[in-house]
Amino acid sequence: MPRTMLSDNAWNKLKKLLKKSGRVYNKYEHRNTFEGILYRMRTGIP
């Protein structure tokens, strides 16, 4: 299991907000993308 910054509970809350926007559909890759963005913000990699 990969290490993630978001807990499952936090991701479920965020997923509900994203679904309400009507622009995001449910795919596992969305979580990976969001985790990558958070990782980049946390570490400051160029």
Side-chain angles (χ1 to χ4, degrees):
M1 174 142 191
R3 288 176 34 184
T4 59
M5 296 178 70
L6 288 173
S7 66
D8 289 336
N9 190 28
W11 172 246
N12 287 330
K13 289 179 183 179
L14 181 60
K15 185 169 57 172
K16 287 179 185 177
L17 290 173
L18 292 172
K19 282 184 180 181
K20 284 184 182 180
S21 73
R23 298 180 183 181
V24 178
Y25 49 94
N26 190 15
K27 281 184 102 175
Y28 181 74
E29 292 86 20
H30 291 309
R31 184 173 183 171
N32 287 337
T33 302
F34 197 76
E35 290 282 352
I37 292 168
L38 290 176
Y39 178 78
R40 183 171 180 174
M41 288 174 60
R42 182 176 59 114
T43 60
I45 55 176

Practice task
Starting at NZ of K19, measure out to NE2 of H30 and round the result to the nearest 0.5 Å.
Solution key: 10.0 Å

Problem - Atom pair OG1/CG of T43 and L38 - distance to nearest 0.5 Å - result: 10.5 Å

Practice task
Taking the side chain as every heavy atom from C-beta outward, state whether I45 and Y39 have any atom pair closer than 4.5 Å.
Solution key: yes

Exercise for the section: Flag the pair W11 / K16 as yes when at least one side-chain heavy-atom distance between them is below 4.5 Å, and no otherwise. Expected result: no

Handout entry: Side chain to side chain, K15 and L18, heavy atoms closer than 4.5 Å
Key = no

Problem - Partners meeting side chain to side chain donor-acceptor pair (under 3.5 Å) with R31 (sequence neighbours left out) - result: D8

Fill in the blank from the handout: Distance col, row M5:CE vs M41:CE, nearest 0.5 angstrom, shows 8.5 Å

Problem - ILVMFWY network linking I37 to L6, side-chain heavy atoms under 4.5 angstrom - result: no

